[in-house]
Amino acid sequence: MSKAVRERERIVVRFAGDSGDGMQLTGDRFTSATAVLGNDLATLPDFPAEIRAPAGTVHGVSAFQIQFASNDITTPGDHADVLVAMNPAALKADLDKVGKGGVLILNEDSFTERNVQKAGYTADPLEDGTLDGYQVYKVPMTSITVRATEGIGIGKKESERAKNMFALGLVSWMFGRPTDTTLNWLEKKFGSRQEIFDANVAAFKAGYNFGETTELFAESYKVEAAPQVPGTYRNIDGATALAWGLIAASERSGLPLFYASYPITPASELLHELSRHKNFGVVTIQAEDEIAAANIALGAAFSGQLAVTGTSGPGIDLKAETIGLAVIMELPMIIVDVQRAGPSTGMPTKTEQADLLLAMYGRHGESPLPIVSASTPAECFTAALEAARIAVRYRTPVILLSDTFIANSSEPWPIPDVESLPSIDPGFASPNGQDFLPYSRDERLARPWAIPGTPGLVHRIGGLERQDGTGNISYDAANHELMTRLRQAKVDGIADDVPALEVEDPGGEAELLVLGWGSSLGTITAAVARARAGGRSVATAHLRHLNPFPANTGEVVRAYRKVLIPEMNMGQLAALIRARYLVDAASYSKVQGLPIFAEELEHEITRVLDE
Amino acid sequence: MSKAVRERERIVVRFAGDSGDGMQLTGDRFTSATAVLGNDLATLPDFPAEIRAPAGTVHGVSAFQIQFASNDITTPGDHADVLVAMNPAALKADLDKVGKGGVLILNEDSFTERNVQKAGYTADPLEDGTLDGYQVYKVPMTSITVRATEGIGIGKKESERAKNMFALGLVSWMFGRPTDTTLNWLEKKFGSRQEIFDANVAAFKAGYNFGETTELFAESYKVEAAPQVPGTYRNIDGATALAWGLIAASERSGLPLFYASYPITPASELLHELSRHKNFGVVTIQAEDEIAAANIALGAAFSGQLAVTGTSGPGIDLKAETIGLAVIMELPMIIVDVQRAGPSTGMPTKTEQADLLLAMYGRHGESPLPIVSASTPAECFTAALEAARIAVRYRTPVILLSDTFIANSSEPWPIPDVESLPSIDPGFASPNGQDFLPYSRDERLARPWAIPGTPGLVHRIGGLERQDGTGNISYDAANHELMTRLRQAKVDGIADDVPALEVEDPGGEAELLVLGWGSSLGTITAAVARARAGGRSVATAHLRHLNPFPANTGEVVRAYRKVLIPEMNMGQLAALIRARYLVDAASYSKVQGLPIFAEELEHEITRVLDE
Amino acid sequence: MSDVIENGGTAPGDAPTLTKKDFTSDQEPRWCPGCGDYAILSAVQAFMPELGIEPHKTVFVSGIGCSGRFTYYMDTYGMHGIHGRAPALATGIAVAAPELSVWVVTGDGDGLSIGGNHLIHALRRNVDIKILLFNNQIYGLTKGQYSPTSEEGKVTKSTPFGSVDHPFNPIALALGVEATFVARTVDNDRQHLTEVLRRAAQHKGTAFVEIYQNCNVFNDGAFDLLRDKAQGKHNQIRLEHGEPIVFDEGNRCVRIGENGRYEIAPTAETDPDGIVVHDAHGRPSLAFALAHLSRGPDEPSCIGVFHEVERPVYGQAIQHQLQAAKERLGPGDLRSLLHVGDTWTVE
Amino acid sequence: MSDVIENGGTAPGDAPTLTKKDFTSDQEPRWCPGCGDYAILSAVQAFMPELGIEPHKTVFVSGIGCSGRFTYYMDTYGMHGIHGRAPALATGIAVAAPELSVWVVTGDGDGLSIGGNHLIHALRRNVDIKILLFNNQIYGLTKGQYSPTSEEGKVTKSTPFGSVDHPFNPIALALGVEATFVARTVDNDRQHLTEVLRRAAQHKGTAFVEIYQNCNVFNDGAFDLLRDKAQGKHNQIRLEHGEPIVFDEGNRCVRIGENGRYEIAPTAETDPDGIVVHDAHGRPSLAFALAHLSRGPDEPSCIGVFHEVERPVYGQAIQHQLQAAKERLGPGDLRSLLHVGDTWTVE
Ligand SMILES: Cc1ncc(C[n+]2csc(CCOP(=O)(O)OP(=O)(O)O)c2C)c(N)n1
Ligand SMILES: Cc1ncc(C[n+]2csc(CCOP(=O)(O)OP(=O)(O)O)c2C)c(N)n1
Ligand code: SF4
Ligand code: SF4
Ligand SMILES: [Mg+2]
Ligand SMILES: [Mg+2]
């Protein structure tokens, strides 16, 4: 007897368990099955800050959230519809992330007195009314898994470890996800270790069947595929997209990719991913510190490589002096800042977008450079290509801003045709018989890139002020003024060489513009959609180039009576826009190490409109 | 027969010679004699960028400029009235700094063919019309000096070295400076080395008499004493004033002064000066680098010292991460930035004020801190006291901005009465029997300063986000938001605790406000005085607190139809004022490694008024 | 200003009897279960009372890394700095307040990678701080990249094809930069660890203690040859000043070979006079030779105090200069300072 | 990408005959008259042609300091970086372009104070760069503060009461951090300097050359005992691999004392078999002992090549990994990369 199936437009599922419970993998697999079904989706892993806090404590909880839908979605969801909690700590840590009336699927076996205590509960939450108002399903996941895997010939511990596959099976049933994607993957992953493979398959099927057959679950849900532009898709997270974007830039420019970095959360993933692709000729260097990483990259830039150094906030601080050197040397180089939360060490595993003004101004003297930012996980790919294009075309360091949220979360991505990607011309200098002038300039004020090994172009560069043209040391007052203004003009000039800022204003009559940058794109899109659904007319625009702003930015922001800038900081873009265009842009600021929720922003939009 | 004496209101004299010619000393002595006469004055040494470039080349020229007057003056002068050039290179390097019709006093002996060539002249400037339009006096200084010192029993080389005293004597005569100040000083300096003393005295007198007796000079000049408030005065340069201000802050707070630094031009003088005063209990540490210096200072701050670290731009870059740590640790600490010119290594011996936005924003995450700046050499003393007051009162790192120009130049200073200086209460925490809460706050949001060694207050601090109150590590979202806003509010709150921004608007009817900060004060004052003398009404205001701005700043800038902000940068204060108050402040920007000239600014003021 | 303490080192105070509990904070340690850091923490907390210095006169300073959390678990004053800078922070404290007992906890990444410069300068200056370097030959906190002490060819997240860097030998490094106290011990040998801590605490100046620490999550077993009871007794070369160096239950020894070179040899085949007698107080060259007996912890290696000599202590030398200046010039007088040199008076 | 050069070191090229002029730029040197830097510059410019590597295949990299200006005077490619970071810049160049001959010029402040960390990591990695450290035991460019190699008690602008830091021994430091080539020479001995440059150039990997350089303005005479012709012949201990170490016109020697310790003794009183035979290619402990014969250049000191061993070269090892990966996995294909793992197609 088949059960009832309810149709839903969008669903948010959150898997939570101990660090050792394999929740990230469970989430990943669920995402793959969902992507293949053609739903639009957005995901967000939520790692514990500790390496491996004591098992069973809230500090050790690892979670993964996915929103999937039959139409366009842009965030992993403010609140979960379904929480799968593998132990009491997971329930404790994440209950407030479930919307009222939401579904809780709990691993009943784990709610022992000891575990309940470890989680910091004083009484058993299953009994004391804590869960009133939720739809609670208690499922003895561990014991069913152990039973299902009996006879396969693995130990109890191993068999218990398969309980995440049970959960995956159950939730797969609940939302009608295909089983073959998961089974194929298990085959690939464990095919060579028969018992483990068998146990995982058995657990997965047990979960699926548990949903199908027990009385517990009265119904399952269906979320239709979202309409998608034809093409081949994959799911991609921001860290991978950024790494691949750099590789693509290397391929499209013919410049070898050279990545020097010092590990730091959340930028380490870039180093890890790039170090796997040595067959693309990618050099990765783990330097002794961030200063060394920046200088090693700069040395490579001088030598004609596509030089990149990646880090997070604390590393940007440390690289500042070297970035300034790259500014005066006018060499192409990309500095990736995967922003994280807080000043100082702060909250290293949480997200924020508070390094914008640091990127703009975080070097002594006048040392302007272009800033590019990514707004979604997949957009990291194009942002990396764009940063490379600007760096190489203008012979300048470029800061590329991402953040923890973008780096860790994922979304479906129509895989681009390689040939359609922009190609980048290194345009190395070659001798032309005349005296070589390393600080002569082309029509866009870029200087020649003459790399060691080239006969006839021998020259020396350095951090002392350069003489216009010759590049010799100069202490001349007028020359310093000239060079300062040339460096500024070169960067400012890029404004004409980037796409205009696009405004989305369907009715053409909005009086409020919501202007954003970076990872708040998803929230802004969702919040504005809600506001519009509520009958409000609101315009949006999203900046991908933070320095210089696209040429039409002033026009755009001046066209609206009100401008609202939501940021996960204290109003950094707002400060730049206000100073530049003298418009009274208001800042909506959230600094919690978390993305802004669409709901919150919707309220703010309404408030501002009703003001 | 005594010669004619002409009265003048103000005079600018420039001494220029080879690095080895002793021009700084000559200038210094002339300044002392001038100060004692009661003239108002301002000086500026102009060192060569090279350690000791080849003798006789323009790169080796060292100069000293002084303006002195019978009324208030505020700059060392745009153009010199008198240039003393000890060799052709000095003439070549500095001729363009002499006003048309100015007086050139040249050491004729040095104009040999070889020297003329070394200076980069293709023909002898004494002959080829280069000096047309100037009043040229050729004086064989070297040979007269050698003759005057004959029989004293020193070698020719030693005797030639006294020629700077000849020049000093001549110029002293020219402007009626007293001879005893110089003679006393020579006595003190060389008294124990009879021959050297005799030679210098002979040379000095020979110069003085040369002026008095030869036909060459028809007249001398007189500049009346400037009216000064009664009191005891001294001449002081910015580096010394800053060092002494720190010592005064130590004395007035009872906190031992602890200075950790890494040498860098132009901040090294602070280290040198402070290291001389060990009897004040001043600890000075020359660290291995700027990062170490900042951390050593921070460790000392934790231990209850008045902790200071000083550097210039490149060092501020490097200290950024540590300053951020001090922000989250909320410990008192002063970071001195003696700004120099250019991005990267730039022009290390030249001046600029381009680190303001770095001071504001040069750390990752939201990490606000107060910024204080000095506007004149003597003001460095009070600025240091003020920085210490804020740091200690608010338990926060404070950036204190000075610059090369302020640090190196000097002005007369009415020596303050020590008892009248503000006293600073360290207000160390002491146990009160309750659980100690290191992140509790007082009415100004400052937290307790509990230093190791105090029983009952054992606690731990660090760079991870702190829990409000307890100071334990916290990854809580709401707590992070709270702490971020508390740190900001604490700094913002200082606005009420600093003097209001004073406006000088004599007629009360100006439509233009010239707003400044830092070392452009002198230029602004002079330029506005000229504009007023020309019948224009212009208001001025000068910011000493750059973050937060004094509470009335918005009111002030909004009260004028036009606001002009002259800066030796690309408009950094202008950007802050525009963003904050949405007034269309215009930037007047000069980035040449040199102070803005009063004349230039006067033109700009007129231009803006006539717009 | 603090009184000048004549001798550095952490002299026993006259505090009431202290216990391990007095050094244990209320913060629950959050390392991975089984991590070697737990054993070190417990040993340090148990050892501290012996010094007789009260917790409020003790400061622990650490950098970033798993080891960096140590500070929060000690119920003393503590500074958890940024990555790599702990020796500099500690220098500030030790110079400012020479009466305190100052300890630094750092890791192989924190202390030898990003913090290498501060470490070597602290060692040469001989600041009165005790540095405990938890060497697990891996970056733990950032989840498993290789470190400057990882063996060549190490496969990690950042080196999937194996690392190509030659590692530091931390003992040799410390000796090369003029350290006055250099020792090595292992996390799980409570007795040896405690003895080394004791010697470090007694030392006047900077003590450098390398602790082989097992990271059971990202680099499990790196030190088994020395940590494991069964293997350790054959492979630990325990150094004792003034004693001939024999190990492996007496079967092997360190002897003087050609040109003065040290080498491992069967004791039976060695002339007793040719066996090296450990001299911790001599020139660093002898200790340096011992540091190079093995390539790393996968060969028989020395543990114990390699080198221990006296040299002026940085913070004290500074305090002495202050005192001498005061004695010679009289205590500073601000009024006179402001009036020094040429002044003039306007009536 | 550059071709992989099998052997590092700077192998002679087949360039047309080069002269000193080919390595002399049109920029006029601007050091103080009499500065030791002039002699070094002249020696280097004169030596470079011998390598047969054309100027455009040569890169000089320097930091900030008087020594840092060196780069501008060489008519090669050059990078004048910021303070202390030259070894890192040079690492980038050497790894990216292994076919180039890469030289680093640094000072005792640039290389050992602010730049200490990069120096030690370059040395351990064995990057193919030749590091010339101009040690004048002072900060020249900033006009005379003491440096990490200044002797204790040094009176300078920043230490009017004398410095209290114990200095580094740069040779010992390099040996302590696993350097593969360690040598010392003096600015004014053109022949010795050139020979050391030659050996450094031939070395595959990082060569560390300390050059005692006289700063006649801020630290004149610091090395007179070794630089001065008359004194030098008594006090220079010239090291030659395989030769017994005797000096002072044969009057004194280095002999093996108790426990393998090295000491200076009158040759006449020494058993010839007890004289140390210099072994540059052995373990670093022997070289380390030689580095500690003297406290500093105010005592008889060794010059020449202390230590020279082969070890894999960092940049080459990286290039080999790239090649191996290409051979094993085939050259990277962007399309396949983008399609790896789960994909789905919407028609
Ligand atoms: C400036 C900066 N760079 C990088 C990091 C990231 N980070 C934190 S700890 C660490 C390495 C830790 O390794 P180790 O010192 O060996 O400590 P362990 O975790 O192994 O105890 C790194 C790279 C950081 N916090 N700050
Ligand atoms: C980040 C930074 N800090 C400090 C300085 C100032 N500075 C320039 S060179 C130098 C020291 C030079 O000493 P050394 O390396 O011995 O070179 P020398 O001049 O003696 O050849 C210092 C401190 C700087 N340029 N940059
Ligand atoms: S990662 Fe390693 S070092 Fe860090 S806590 Fe876990 S076991 Fe210990
Ligand atoms: S200061 Fe010293 S090192 Fe620098 S150029 Fe002059 S003599 Fe040479
Ligand atoms: Mg480690
Ligand atoms: Mg030097």
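Throughout, protein chains are lettered first and strands after them, A, B, ... in sequence-line order, and every chain is numbered starting at 1. Because the structure is a prediction, the values reported are computed rather than measured.
Contacts between L331(A) and chain D at a heavy-atom distance below 4.5 Å involve the side chain alone, from C-beta outward. For chain D, the nearby parts of Y233(A) are the backbone and the side chain; heavy atoms of each come within less than 4.5 Å. The part of Y314(D) that comes within reach of chain A is its side chain, from C-beta onward, which places non-hydrogen atoms under 4.5 angstrom from that chain. Looking at V340(D), the atoms closer than 4.5 Å to chain A (heavy atoms on both sides) sit in the backbone and in the side chain alike. In this structure, chain A has no heavy atom under 4.5 Å from any part of R328(D). With a 4.5 angstrom heavy-atom cutoff, A35(A) touches chain D via backbone and side-chain atoms both. Residue contact with chain A, scored on non-hydrogen atoms closer than 4.5 Å, involves the backbone of T76(D) exclusively. Heavy-atom distances place the side chain of I318(D), and not its backbone, under 4.5 Å from chain A. Proximity to chain A (any heavy atom under 4.5 Å) is restricted, for E347(D), to the backbone atoms N, CA, C and O. Looking at A297(A), neither its backbone nor its side chain comes within 4.5 Å of chain D, counting heavy atoms on both sides.
Ranked by non-hydrogen atom pairs under 4.5 Å with chain D, the options I461(A), L37(A), V418(A), I328(A) are led by I461(A). Taking A225(A), A241(A), P452(A) one by one and counting their heavy-atom pairs under 4.5 Å with chain D, the maximum is reached by P452(A). Per-residue heavy-atom pair counts under 4.5 Å with chain A were compared for G81(D), A88(D), P55(D), G68(D), and the maximum is reached by A88(D). Heavy-atom pairs under 4.5 Å with chain D peak, among G453(A), G462(A), P416(A), G463(A), at G453(A). Options I285(A), I247(A), T322(A) differ in how many heavy-atom pairs under 4.5 Å they form with chain D, and the most are formed by I285(A). Counting heavy-atom pairs closer than 4.5 Å to chain A, the top residue among T345(D), L329(D), I82(D) is I82(D). Interface summary for chain D: among G324(A), A450(A), A300(A), the most heavy-atom pairs under 4.5 angstrom belong to A300(A). Here R234(A) is the residue among R252(A), E251(A), H277(A), R234(A) with the most heavy-atom pairs under 4.5 Å with chain D.
Across all non-hydrogen atoms, the minimal contact from I473(A) to R69(D) is CD1-NH1, 4.2 Å. Between D342(D) and R29(A) the shortest heavy-atom distance is OD2-NH1, 3.3 Å. When all heavy atoms of I93(D) and S303(A) are compared, the closest pair comes out as CA-OG, 3.4 Å. Contact detail for R460(A) and S25(D): the closest heavy-atom pair is NH2-CB, 3.8 Å. Considering all non-hydrogen atoms of both residues, Y72(D) and L464(A) come closest at OH-CD1, 4.4 Å. In plain terms, the two heavy atoms of W413(A) and L338(D) that are nearest each other are CH2-CD2, 4.2 Å.
Aromatic ring pairs are classed by plane angle as parallel below 30°, tilted from 30° to 60° and perpendicular above 60°; the pair Y77(D) and F302(A) is perpendicular.
Atom CG of L89(D) is separated from atom CG of L325(A) by 6.5 Å, given to the nearest 0.5 angstrom. Atom NE2 in H339(D) sits 4.0 Å away from atom CD1 in I415(A) (nearest 0.5 Å). Taking CG from L337(D) and CZ from R276(A), the interatomic distance works out to 11.0 Å, rounded to the nearest 0.5 Å. Here CG of L334(D) is found 6.5 Å from CG of L421(A). Values are rounded to the nearest 0.5 Å.
You'll find the side chain of I296(A) stays beyond 4.5 Å of the side chain of V95(D), heavy atoms only. Here the side chains of F280(A) and P331(D) are not in contact, with every heavy-atom distance at 4.5 Å or above. Residues V229(A) and V346(D) have side chains not in contact (no heavy-atom distance under 4.5 Å, counting atoms from C-beta outward). Between H118(D) and I291(A), some side-chain heavy-atom pair lies under the 4.5 Å cut-off. When side chains are defined from C-beta on, H121(D) does not count as touching D289(A), because their heavy atoms never get closer than 4.5 Å.
No donor-acceptor pair closer than 3.5 Å links the side chain of W344(D) to the backbone N or O of G38(A).
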Item to complete: Would you check, one step at a time, whether the test side chain to side chain contact (heavy atoms under 4.5 Å, CB included) holds for E288(A) with R125(D)?
Response: CA-CA 11 Å; E288(A) 59 271 26; R125(D) 289 198 187 105; 2.8 Å; yes

Worksheet entry | Derivation and outcome, side chain to side chain contact (heavy atoms under 4.5 Å, CB included), residues H56(D) and L457(A) | CA-CA 7 Å; H56(D) 70 265; L457(A) 301 184; over 6 Å; no

Fill in: Stepwise side chain to side chain contact (heavy atoms under 4.5 Å, CB included) check, L298(A) with M79(D)
CA-CA 10 Å; L298(A) 187 55; M79(D) 266 189 134; 4.0 Å; yes

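The pair D417(A)-R335(D) does not count as a salt bridge, with every side-chain nitrogen at least 4.0 angstrom from each carboxylate oxygen.
Within a 6.0 Å sphere centred on NZ of K20(D), heavy atoms belonging to other residues, nucleotides or ligands number more than 12.
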